[in-house]
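In what follows, a structure is listed as structure tokens, so that the remarks can point back to it.
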Amino acid sequence: MALQATSILPSSLSIHKEGKSNLSGKDTSFYGVSFAEFSPLVVRNKRELKTQRLSVGQIRAQTAATSPGVNQSTQGKKTLRKGNVIITGASSGLGLATAKALADTGKWHVIMACRDFLKAQRAAKSAGIGKENFTVMHLDLSSLDSVRQFVDNFKRSGKPLDVLVCNAAVYQPTAKEPSFTADGFELSIGTNHLGHFLLSRLLLDDLKSSDYPSKRLIIVGSITGNTNTLAGNVPPKANLGDLRGMAGGLSGTNSSVMIDGGEFDGAKAYKDSKVCNMLTMQEFHRRYHEETGITFASLYPGCIATTGLFREHIPLFRLLFPPFQKYITKGYVSEEESGKRLAQVVGEPSLTKSGVYWSWNKTSASFENQLSEEASDVEKARKLWEVSEKLVGLA
Ligand code: NDP
Ligand code: PMR
């Protein structure tokens with residue numbers, strides 16, 4: 001009996017090894033490819049079979065069952081099933097544009113994890129996202145209870161989780177006084193970092209047990225948190241210091257509301273939160289990539305100067321920022337283009353490498369970018385992880 005190579009697809013994929021996906025380099029439609037495109041996966045001889053550590057009996061058993069991550073059509077043609085991707089903050093800007101880009105392929109079902117249910121529904125509708133391609137689920141990242149509730153609801157839905165995108169953020173550049181999350185953390189760090197930290201930790205097992213060929217956890221970073229760039233040197237600069245404020249709970253009662261223990265500064269708190277996002281991605285990579293095969297990635301999608309992120313900035317800034325980025329720094333990207341970029345990090349077969357901070361050059365080609373010294377500090381990442389675990393009640 002001829003062995004059906006297709007029946008052992010997932011155990012054959014070598015996507016767990018950094019930068020060595022054995023998916024065809026030419027294949028740009030990873031989502032929904034026909035099986036012929038996975039030709040390197042064919043088991044050719046007994047020795048290969050041995051390395052797969054599968055007996056013929058096991059293979060027969062797997063042949064009979066549905067192949068993981070795969071649907072069989074009535075014509076017998078096998079295609080990858082629709083991927084399920086959760087995107088936080090998909091009600092506007094980058095998150096919405098990414099949801100649109102993924103939904104338009106017909107190969108993804110997008111779970112829009114948003115704090116304002118109606119806004120998200122309306123946004124999806126006006127973006128033209130087909131009803132069958134998205135679900136809105138309530139998530140308020142500024143409440144750890146809400147994060148836990150969201151995770152429970154998602155688990156109860158019975159859907160597999162293939163990709164998680166931590167995209168939502170708040171930016172308070174003009175705030176004179178700090179504001180706080182439901183749990184009493186300074187709002188920017190609490191929402192952008194701690195909410196996502198808990199969410200990712202609670203959903204890690206779901207990602208791990210997904211049978212999708214490439215599962216990913218993506219946390220959106222930014223150039224402004226990286227002090228090895230011009231943009232990252234515009235004051236106030238990101239700096240987590242020795243994390244003394246964070247260790248004190250960021251509540252402002254017995255300690256500072258800022259991670260480094262300094263005076264409140266909304267713009268700095270946002271940039272610090274982006275450093276936390278990039279450090280967290282790398283710490284996930286170090287702790288879990290080998291064991292789980294999950295790809296952990298971060299990115300700077302370009303300067304999307306028109307989004308709601310700048311809603312609290314003064315009107316003059318909002319007027320001048322887009323032309324400044326378009327014509328002076330040339331760092332500007334449209335929301336649509338940024339969505340396509342993040343969608344690549346979600347699903348492109350060429351971007352399976354884990355532990356990478358992706359950026360795009362002037363011709364919109366992706367490349368592995370360098371993080372600043374602080375954003376790639378291994379010891380700081382470990383410490384941040386441990387302090388964050390305590391604050392969100394995981395340790
Ligand atoms: P937007 O303000 O358009 O999007 C942010 C999203 O986060 C909104 O959907 C918002 O919801 C949501 N959000 C805010 N607070 C919460 C919360 N407590 N719970 C759940 N969702 C919440 O900004 P962008 O699209 O620009 O930002 C998206 C990501 O891109 C951020 O991580 C940002 O740091 C990053 N980024 C942006 C750049 C830019 O130039 N704009 C550059 C580099 C990175 P709601 O719609 O209800 O307000
Ligand atoms: Mg910046 C190559 C130059 C470059 C780029 C790519 C950005 C991106 N910025 C650049 C340069 C400069 N900016 C310079 C020279 C200045 C001084 C005039 C400047 C100023 C500036 C301000 C006041 N830039 C800003 C602000 C903001 O309030 C934005 C911010 O920091 O949000 C946190 C911002 C940004 N500049 C960027 C990007 C991507 C942002 C916004 C969003 C983000 O990082 O998430």
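Counting starts at 1 for both ligands and their atoms, following the listed order. All values below were derived from every heavy atom in this structure, side-chain atoms included, with hydrogens, water molecules and symmetry-related copies excluded.
Taking 4.0 Å as the cut-off between side-chain N and carboxylate O, Lys383 and Asp242 do not count as a salt-bridged pair. Ion pairing between Arg244 and Asp260 fails under the 4.0 Å rule for side-chain N and carboxylate O. Between Asp211 and Arg81 there is a salt bridge, since a side-chain N of the basic residue sits under 4.0 Å from a carboxylate O of the acidic one. Salt bridge present: Glu291 and Lys208 bring a charged side-chain N and a carboxylate O closer than 4.0 Å. Between Glu283 and Arg287 there is a salt bridge, since at least one side-chain N of the basic residue sits less than 4.0 Å from a carboxylate O of the acidic one. Contact check on Lys237 versus Asp265 returns no salt bridge, with no Lys/Arg side-chain nitrogen under 4.0 Å from an Asp/Glu carboxylate oxygen.
For Glu132, the CD atom counts as densely surrounded, since its 6.0 Å shell holds more than 12 non-hydrogen atoms of other residues, nucleotides or ligands.
A heavy-atom cutoff of 4.0 Å around ligand 1 is satisfied by the protein residues Gly89, Ser91, Ser92, Gly93, Leu94, Arg115, Lys119, Leu139, Asp140, Leu141, Ser142, Asn167, Ala168, Ala169, Val170, Thr191, Val220, Gly221, Ser222, Tyr270, Lys274, Tyr300, Pro301, Gly302, Cys303, Ile304, Thr307, Gly308, Leu309, Phe310, Arg311.
Heavy-atom contacts of Lys271 reach the following atoms of ligand 2: 31 (O) (cutoff under 4.0 Å). The ligand atoms of ligand 2 that sit less than 4.0 angstrom from a heavy atom of Ser222 are 43 (C), 44 (O), 45 (O). Per-residue contacts place Val234 under 4.0 angstrom from the following atoms of ligand 2 (heavy atoms of the residue considered): 12 (C), 13 (N), 14 (C), 16 (C), 19 (C), 20 (C). Heavy-atom contacts of Thr329 reach the following atoms of ligand 2: 2 (C), 3 (C), 4 (C), 10 (C), 11 (C) (cutoff under 4.0 Å). Remark: ligand 2 atoms within the under-4.0 Å shell around heavy atoms of Phe317 are 22 (C), 23 (C), 26 (C), 27 (C), 28 (O).
Using a 30° and 60° split on the angle between ring planes, Tyr171 and Phe310 fall in the perpendicular class, above 60°. Aromatic ring orientation, Phe150 versus Phe154: parallel (interplanar angle below 30°, classes split at 30° and 60°). Between His193 and Phe197, the ring-plane angle classifies as tilted under the 30° and 60° cut-offs.
Remark: among candidates Arg318, Lys330, Gln325, the nearest residue to atom 36 (N) of ligand 2 is Gln325, based on non-hydrogen atoms. Of the candidates Phe321, Phe324, Tyr270, the one placing a heavy atom closest to atom 25 (C) of ligand 2 is Phe321. In this structure, of Gly232, Pro173, Ala231, the residue bringing a heavy atom nearest to atom 5 (C) of ligand 2 is Ala231.
Annotation: side-chain hydrogen bond (donor to acceptor under 3.5 Å, both in side chains) contacts of Trp385 (sequence neighbours excluded): Glu389.
Every N/O-N/O distance between Tyr300 and ligand 2 stays at or above 3.5 Å.
Nearest approach of Asp272 to Ile189, heavy atoms of both residues: CB-CD1, 4.0 Å.
Ranking protein heavy atoms by distance to atom 28 (O) of ligand 2, first place goes to Tyr171 OH, 2.6 Å.
Within the 4.0 Å heavy-atom criterion, the part of His313 lying near ligand 2 is the side chain and not the backbone. With a heavy-atom cut-off of 4.0 Å, Lys274 does not touch ligand 2 at all.
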